[in-house]
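To keep things clear, I will list the structure first and then write my remarks on it.
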Amino acid sequence: MTAQLFSKAVLDWYEQYGRKNLPWQQQISPYRVWVSEIMLQQTQVTTVIPYFERFMQRFPDVFSLSTAKQDEVLHLWTGLGYYARGRNLHACAKTIVNEYNGLFPHSVEQLSELPGIGRSTAAAIASISMGIHAPILDGNVKRVLTRCFAVPGWPGDGQVQKRLWSLAEELTPNHSSRQYTQAMMDLGATLCTRSKPACGICPLQPQCLGLKTGNPTQFPNSKPKKAKPEKHTILIMISNPAGEYFLQQRPQQGIWGGLWSFPEGTDRQAARLMVQRLLPGTEALEQELPPFRHTFSHYHLHIQPVVFRLQRHLATVQETDNPNHCWYNPVSPDNIGLAAPVKMLLQQQSTEEYP
DNA sequence: AAGTCGGGGAT
DNA sequence: ATCCCAGACTT
């Protein structure tokens with residue numbers, strides 16, 4: 001089939017059935033599209049929507065974002081995951097303001113150089129918000145293309161990825177860039193879904209080679225799986241008589257980078273030593289909370305929370321050891337980023353103490 | 001090329 | 001329980 005036939009079928013379908021009411025499709029601007037694209041990386045639309053609304057309310061433009069504190073950016077990112085996205089977003093806003101006079105560059109190449117913006121995200125921003133001809137290759141497009149052309153292999157593989165980019169370039173029309181980009185995403189998100197695709201009403205049904213194989217959901221071929229390691233940690237929940245909890249800011253790199261979390265220990269004795277190192281001379285009542293398991297992309301984490309209730313409040317925190325600590329009050333919380341399990345535990349504790 | 005980065009929705 | 005989602009970045 002010709003590229004024109006493909007893009008016409010896709011564009012005609014979009015005109016009639018595409019999504020046009022998503023929050024970032026209103027008052028379209030490079031800023032709004034950029035924020036939405038970053039949030040949507042590896043994250044489903046329904047999850048993103050409330051985060052996007054809150055973010056736009058607080059940071060309506062790139063200038064307000066560029067002067068924000070990182071803590072406040074990560075606060076609005078709490079629960080969304082992949083926190084490097086939030087840190088990169090913040091850094092990118094500073095670059096746009098300081099080096100581009102607050103205006104996003106109008107080329108895929110320049111956009112790709114900005115932190116957190118790769119080839120596909122750059123193309124999405126360029127095509128949707130600027131009408132620039134630029135092929136994208138996100139999860140939706142990968143699914144549509146691997147099915148329509150029965151492309152074998154896992155899309156993460158280099159050779160497969162190369163072929164998919166080449167297909168995407170070949171099929172993307174020189175006109176209607178915004179509509180075509182949005183159309184491919186919509187097709188993948190609403191019809192050509194991971195399971196139970198609606199092939200019966202798909203505009204590409206006549207030429208879909210994946211459907212002709214009788215099992216279109218075999219495409220894209222699944223990622224070779226690998227067992228996730230199991231790790232353990234004790235979360236040390238130190239509380240003072242005021243009902244506040246001791247939190248530390250995690251290093252920028254690594255898991256939960258830049259977020260605030262409880263001190264940790266490998267075992268119960270190490271936890272006690274940690275409490276004494278942080279707050280020398282304190283006496284605390286220990287209370288074990290129910291353990292639970294938290295799953296990341298690449299490992300499982302068994303979490304054992306232990307509350308250390310201080311009998312008297314000591315203000316002698318070892319400043320040299322812990323320059324980044326705070327006493328967090330769940331009743332009047334600070335605008336800082338919290339790891340999801342930390343947020344859950346804090347909420348759980350505060351609702352138990354003040355039912 | 002493989003590993004690192006989250007959390008939640010769908011199944 | 002597993003899989004995967006509008007991926008980018010580091011090693």
Side-chain angles (χ1 to χ4, degrees), chain A residues 19 22-25 32-52 74 77-89 91-92 111-129 134-144 153-162 164-165 168 181-190 192-197 217 220-229 250-259 261 293-301 337-344:
Chain A
R19 296 173 295 183
L22 296 170
W24 42 91
Q25 294 178 308
R32 290 171 61 84
V33 171
W34 165 58
V35 173
S36 75
E37 287 301 328
I38 301 299
M39 286 186 171
L40 285 161
Q41 288 170 0
Q42 298 294 288
T43 311
Q44 295 178 357
V45 167
T46 53
T47 301
V48 164
I49 288 176
Y51 284 88
F52 181 82
L74 291 182
W77 215 271
T78 291
L80 200 51
Y82 283 154
Y83 298 94
R85 293 184 298 170
R87 299 197 303 272
N88 284 333
L89 192 83
C92 184
L111 285 168
S112 303
E113 291 172 9
L114 294 165
I117 302 181
R119 181 176 173 185
S120 187
T121 298
I125 296 169
S127 59
I128 294 177
S129 77
I136 62 164
L137 187 62
D138 67 354
N140 289 310
V141 178
K142 285 174 185 170
R143 199 162 48 250
V144 171
W154 174 53
D157 176 78
Q159 291 302 315
V160 179
Q161 204 164 54
K162 198 172 167 187
L164 291 175
W165 268 115
T181 291
Q182 193 62 54
M184 290 296 284
M185 290 175 168
D186 286 4
L187 203 51
T190 65
C192 198
T193 49
R194 182 164 66 89
S195 59
K196 299 180 184 173
T217 58
N221 292 173
S222 57
K223 168 182 178 173
K225 58 182 170 187
K226 188 169 56 73
K228 293 176 179 174
R250 301 178 62 88
Q252 295 292 316
Q253 67 274 40
I255 202 79
W256 294 335
L259 301 190
S261 182
R293 194 168 82 145
H294 188 74
T295 299
F296 296 98
S297 324
H298 46 307
Y299 63 91
H300 303 287
L301 183 63
L338 301 173
V342 174
K343 182 179 182 181
M344 182 273 290

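Just so we're clear, the structure is a prediction, and the values are computed from it rather than from any experiment. Order of the sequence lines fixes the chain letters, A, B, ..., with proteins taken first and strands second; residue numbering starts at 1 for each chain.
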Subject >> Proximal nucleotide (of dC3(C), dT11(B), dG6(B)) relative to the Lys225(A) side chain >> reply: dC3(C)

**OP:** Give the rounded distance in Å between these two atoms: CZ of Arg194(A) and P of dT2(C).
**Re:** 14 Å

**OP:** Using heavy atoms to find the nearest nucleotide of DNA chain C for Leu114(A) and Arg19(A) separately, return the residue whose nucleotide is more 5′.
**Re:** Arg19(A)

Original post:
For Leu137(A) and dG7(C), what is the distance between atoms CG and P respectively, to the nearest whole Å?
Top reply: 10 Å

Original post:
In whole Å, what is the span from the NZ atom of Lys226(A) to the C1' atom of dC3(C)?
Top reply: 15 Å

Original post:
Looking across every strand, which nucleic acid part, if any, lies under 4.0 Å from Phe296(A) by heavy atom: base, sugar-phosphate, or nothing?
Top reply: sugar-phosphate

Original post:
Does the side chain of Gln161(A) pick up a donor-acceptor pair with the side chain of Asp157(A) at under 3.5 Å?
Top reply: no

Original post:
Using a cut-off of 4.0 Å on non-hydrogen atoms, how would the nucleic acid contact of Ala124(A) be classed: base, sugar-phosphate, or nothing?
Top reply: nothing

Original post:
Does dG7(C) have OP1 or OP2 sitting under 4.0 Å from an N or O in the side chain of Gln42(A)?
Top reply: yes

Original post:
Is any side-chain nitrogen or oxygen of Tyr83(A) closer than 4.0 Å to OP1 or OP2 of dG7(B)?
Top reply: yes

Subject >> Whole-Å distance separating the CE atom of Met344(A) from the P atom of dG8(B) >> reply: 10 Å

**OP:** For Trp24(A), answer base if it contacts any base atom (sugar-phosphate contacts may also be present), sugar-phosphate if it contacts only those atoms, and nothing otherwise; contact means non-hydrogen atoms under 4.0 Å.
**Re:** base

**OP:** Classify the nucleic acid contact of Gly254(A) as base, sugar-phosphate or nothing, counting any heavy atom under 4.0 Å across all strands shown.
**Re:** sugar-phosphate

Original post:
For Thr193(A) and Arg143(A), does a side-chain donor sit closer than 3.5 Å to a side-chain acceptor?
Top reply: no

Subject >> Under-4.0 Å side-chain N/O to phosphate OP1/OP2 contact, His298(A) with dC5(B) >> reply: yes

**OP:** Check whether any side-chain N or O of Arg293(A) sits under 4.0 Å from OP1 or OP2 of dA1(C), and answer yes or no.
**Re:** yes

Subject >> Donor-acceptor pair present, Thr43(A) side chain and dG6(B) base, under 3.5 Å >> reply: yes

Original post:
What nucleotide among dA6(C), dG6(B), dG9(B) has an atom nearest to a side-chain atom of Gln182(A)?
Top reply: dA6(C)

Original post:
What do the steps show when you test Ser297(A) against Tyr82(A) for side chain to side chain donor-acceptor pair (under 3.5 Å), and what is the final call?
Top reply: CA-CA 10 Å; Ser297(A) 324; Tyr82(A) 283 154; 3.3 Å; yes

**OP:** Provide, to the nearest angstrom, the distance between the CG atom belonging to Asn88(A) and the P atom belonging to dT4(B).
**Re:** 19 Å

**OP:** Specify the separation, in whole Å, of atom CD of Gln252(A) and atom C1' of dT10(C).
**Re:** 16 Å

Original post:
Is Ser222(A) touching bases, backbone alone, or none of the nucleic acid, heavy atoms closer than 4.0 Å?
Top reply: sugar-phosphate

Original post:
Base, sugar-phosphate alone, or nothing: which one does Thr121(A) contact when heavy atoms must sit under 4.0 Å apart?
Top reply: sugar-phosphate

**OP:** Pick base, sugar-phosphate or nothing for Leu80(A), based on heavy-atom distances below 4.0 Å to the nucleic acid.
**Re:** base

Original post:
Whole-Å distance between dA6(C) P and Tyr82(A) OH?
Top reply: 13 Å

Subject >> Minimum side-chain heavy-atom gap Met185(A)-Ile136(A) below 4.5 Å >> reply: yes

Subject >> d(CD, Gln44(A); P, dG9(B)) in whole Å >> reply: 8 Å

**OP:** With heavy atoms under 4.0 Å as the rule, sort Val45(A) into base, sugar-phosphate or nothing.
**Re:** base

Original post:
Using the P atom in both, what is the distance from dT11(B) to dA6(C), to the nearest Å?
Top reply: 13 Å

**OP:** Under 4.0 Å between any heavy atoms, over every strand shown, what does Ser297(A) touch: base, sugar-phosphate, or nothing? Just pick one.
**Re:** base

Original post:
Looking only at side-chain N and O atoms, does His294(A) come under 4.0 Å of OP1 or OP2 in dG7(B)?
Top reply: yes

Original post:
Are Arg119(A) and Trp165(A) in a cation-pi setup, meaning NZ or CZ lies under 6.0 angstrom from the ring centre and within 45 degrees of the ring axis?
Top reply: yes

**OP:** Let me know, please, whether Asp157(A) or Gly81(A) comes out on the 5' side of the other along DNA chain B by nearest nucleotide.
**Re:** Asp157(A)

Subject >> Partner of Trp256(A) under ring-ring contact (aromatic ring centres under 6.0 Å, His included), chosen from Tyr83(A), Trp77(A), Phe296(A) >> reply: Phe296(A)

